[in-house]
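Each remark here refers to the structure printed beneath this line.
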Number of protein chains: 2
Amino acid sequence: MTSIKFRKHIEEVIAITDKEFDYVFSFFIKKRLKKHQFLIQKGSPVNYEYWILKGLLKTYTIDENGKEYVLQFGMENYWTSDYLAFQNESLATLLIDCIEDSEFLCIGRDDKETICYEVPAMANFFRIKATKGGTSHQQRILSLLTETTEQRYNNLVAKLPHLMQRVPKKLIAQYLGVSRETLSRLNS
Amino acid sequence: MTSIKFRKHIEEVIAITDKEFDYVFSFFIKKRLKKHQFLIQKGSPVNYEYWILKGLLKTYTIDENGKEYVLQFGMENYWTSDYLAFQNESLATLLIDCIEDSEFLCIGRDDKETICYEVPAMANFFRIKATKGGTSHQQRILSLLTETTEQRYNNLVAKLPHLMQRVPKKLIAQYLGVSRETLSRLNS
DNA sequence: GTTTTTATGTGATATAGATCACATTTTACT
DNA sequence: AGTAAAATGTGATCTATATCACATAAAAAC
C-alpha cells in the first residue's frame, strides 16, 4: 500500500508518530501519468513537488537549436520537481516527462510549508533530503569537470546499472553531455 | 557585531525569537584563518560546517596528475564544508583553502542536529538553504551541459563581478572547466 | 502484420579546446 | 628594494569530440 511505502521512505531518515504521519499524508494526492506525458512543461507554473511511486522520468531542457540536455533521471523513491520554479513561484525552465507509465504523490508548495512548520520532524526530513540531493549534484559537477566521457559513462553504469536497459542510449548521452555518436563509439 | 550579522542572515529566511537565537548562537564558535591556510584538507575528518563572516575561499579537488578543479568559491554570508564527508562522517575528498584572510562561525555536526531538533525554525532554515544550494548546483550542471565556455564565463562575470578582481584567472578557468590558456584567449 | 518512427553504428570531416613552450608582466616574500 | 614566484598572453601543435551523412536494426503505431 502506498502509505506504508511512503512512511517507510520517511522513516529511513527521521522518526515520526502515527498521528504525525497521518496528518502529513493527508496533504498528498496521488497522480498517474502514461509514457510520453509531461509532469512539468517549460513556461508553466510549478506548484507541486512529486515523490515517485513508480515509473521513470527525465528532467531536461531544450536549447534554441532544439538540442536536449538531461539534468536527471527520476525513478521509484526519488523526489522531483523544477525546484527553481517551485521555490520562486516562477515559471518552469525545465521539462519533466515520463519515459514509462508513472505514479506520484504530489504535495503543493503551501502544504509543504505547512507540514514543515506543523511537524518539525518533516522539516528535518526535507532538510536532510535536500542536503543529500545537494551533495549528489556536487558529485555530478565534479564528474563533469574532472572525468573523461568514458569514466562518466562507467560511473553511471555502476551507479544505475538497470537504467541502461530502460532508456535509449541517446538519453544517456544527453545526460553525460556528449553526442550519441561519441557515446556509441565508446563501447567499441 | 558578529551575532547581529548572523541573526540578520537567519532572519532573512525564517522567524526566530531572542531566546531561540541565543540558544542557537551559543553552539557556534569563531575561527580565523589567514590566506593560504586550509579550512578542510583531503583525507581529514570533517566535523564542522562553516558560515563565512568575511574572506574568500576556494573549494577544490586535485586529480592524480596534480590538476586542480574548483567546485566553488566561498565568500561572506556563504555556508561551506565538505558536505559529503560532513554528513557521512567520512574523510574529506575536497580541499578548502583561504584565498584571503577569513573568519568563520563553526558548528559541529552533532550540535547542528541538536539545534535542528530543539529549534524547529532552524530545521526550516537549513532546509530552505539546502534547497537553494541544490538549485544553484542544478544551474551549474545545466550550464556545464548546455553553454559554451564563453557563455559560462560571461554568466560568471554577471553573477559575481567583483570576484574577477579578487582571484587569478587561473582559478576562474578551473571553475569553468577550461584551461587557463583557453580562458585567456576568450577576451581577445 | 505492415508501415512509420526511433534507435543505433560507423565513416568522413571540422572544430573547440588541451597541451607544450616561452616571453612578459605582476605580485609576493624577506 | 631586490629577488623569487606566480600570473598572464600568445604561438604552434595535437586530440577528443561535434557534426554531417547514411545504412541497418529495432520498436512503436495503426
Side-chain angles (χ1 to χ4, degrees), chain A residues 33-37 55-56 58 60-70 73 95 97-102 143-157 162-188, chain B residues 33-38 55-56 58 60-70 73 95 97-102 142-157 162-188:
Chain A
L33 287 179
K34 299 213 174 253
K35 190 169 172 171
H36 292 140
Q37 290 188 304
L56 186 58
K58 62 167 177 179
Y60 65 109
T61 37
I62 309 181
D63 72 13
E64 327 79 63
N65 311 311
K67 231 177 129 180
E68 301 188 358
Y69 305 87
V70 173
F73 294 105
L95 299 100
D97 92 23
C98 298
I99 297 173
E100 299 173 0
D101 293 356
S102 303
S143 155
L144 287 166
L145 289 177
T146 68
E147 293 173 353
T148 64
T149 299
E150 191 164 15
Q151 287 174 315
R152 287 206 303 284
Y153 175 74
N154 291 335
N155 292 165
L156 182 62
V157 173
H162 47 294
L163 188 67
M164 304 301 143
Q165 277 71 58
R166 291 169 82 183
V167 307
K169 297 265 166 68
K170 182 180 67 168
L171 295 186
I172 302 293
Q174 287 170 7
Y175 177 89
L176 295 175
V178 287
S179 68
R180 51 159 215 88
E181 292 94 332
T182 296
L183 181 62
S184 169
R185 279 184 258 259
L186 278 187
N187 304 314
S188 40
Chain B
L33 287 178
K34 299 212 175 252
K35 190 171 174 171
H36 293 139
Q37 289 188 305
F38 285 93
L56 187 58
K58 62 168 176 179
Y60 65 109
T61 38
I62 310 181
D63 71 13
E64 329 78 62
N65 311 312
K67 231 178 129 179
E68 302 187 359
Y69 304 88
V70 173
F73 294 105
L95 300 100
D97 93 21
C98 299
I99 297 173
E100 298 173 1
D101 294 355
S102 302
L142 287 172
S143 154
L144 287 166
L145 290 177
T146 68
E147 293 173 354
T148 64
T149 299
E150 190 163 15
Q151 286 173 316
R152 288 206 301 285
Y153 175 74
N154 291 335
N155 291 165
L156 183 62
V157 173
H162 46 294
L163 187 68
M164 303 301 142
Q165 277 71 59
R166 290 169 83 182
V167 307
K169 296 266 166 68
K170 181 180 68 167
L171 295 186
I172 302 293
Q174 288 171 7
Y175 177 89
L176 295 175
V178 287
S179 68
R180 53 158 213 87
E181 292 93 333
T182 296
L183 181 63
S184 169
R185 279 185 257 258
L186 278 188
N187 304 317
S188 39

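Both backbone and side-chain heavy atoms feed into the values below; hydrogens, waters and symmetry mates do not. Convention: sequence-line order gives letters A, B, ...; per-chain numbering from 1.
Atom CD in E181(B) sits about 10 Å away from atom P in dC20(C), given to the nearest Å. Between the C1' atom of dA18(D) and the CG atom of L186(A) lies a distance of 14 Å, rounded to the nearest Å. Following rounding to the nearest Å, R180(A) (CZ) and dG9(C) (C1') show an atom-to-atom distance of 8 Å. dA18(C) atom P lies 12 Å from atom CD of Q174(B), rounded to whole Å. Distance K58(A) NZ to dT6(C) P: 11 Å, rounded to the nearest Å. Here the C1' atom of nucleotide dA18(D) and the CG atom of D63(A) are 14 Å apart, to the nearest Å.
Note on T149(B): only backbone sugar-phosphate atoms sit closer than 4.0 angstrom, heavy atoms only; bases stay farther off.
Look at S184(B) and you won't find any side-chain N or O under 4.0 angstrom from OP1 or OP2 of dT10(D). Put simply, K170(B) has a side-chain N or O that comes within less than 4.0 Å of OP1 or OP2 on dA7(D). Taking only side-chain nitrogens and oxygens, T182(B) comes nearer than 4.0 Å to OP1 or OP2 of dA18(C).
Among K170(A), K58(A), R180(A), the one residue that satisfies the salt bridge (charged side-chain N to carboxylate O under 4.0 Å, His left out) test with E68(A) is K58(A).
Side chain R185(B) to base dT19(C): a donor-acceptor pair is found below 3.5 Å.
Nearest-nucleotide positions on DNA chain C place E150(B) closer to the 5' end than the other of E150(B) and K35(B). Mapped onto DNA chain C by nearest heavy atom, K67(B) and H36(B) fall at different nucleotides, with K67(B) at the one closer to the 5' end.
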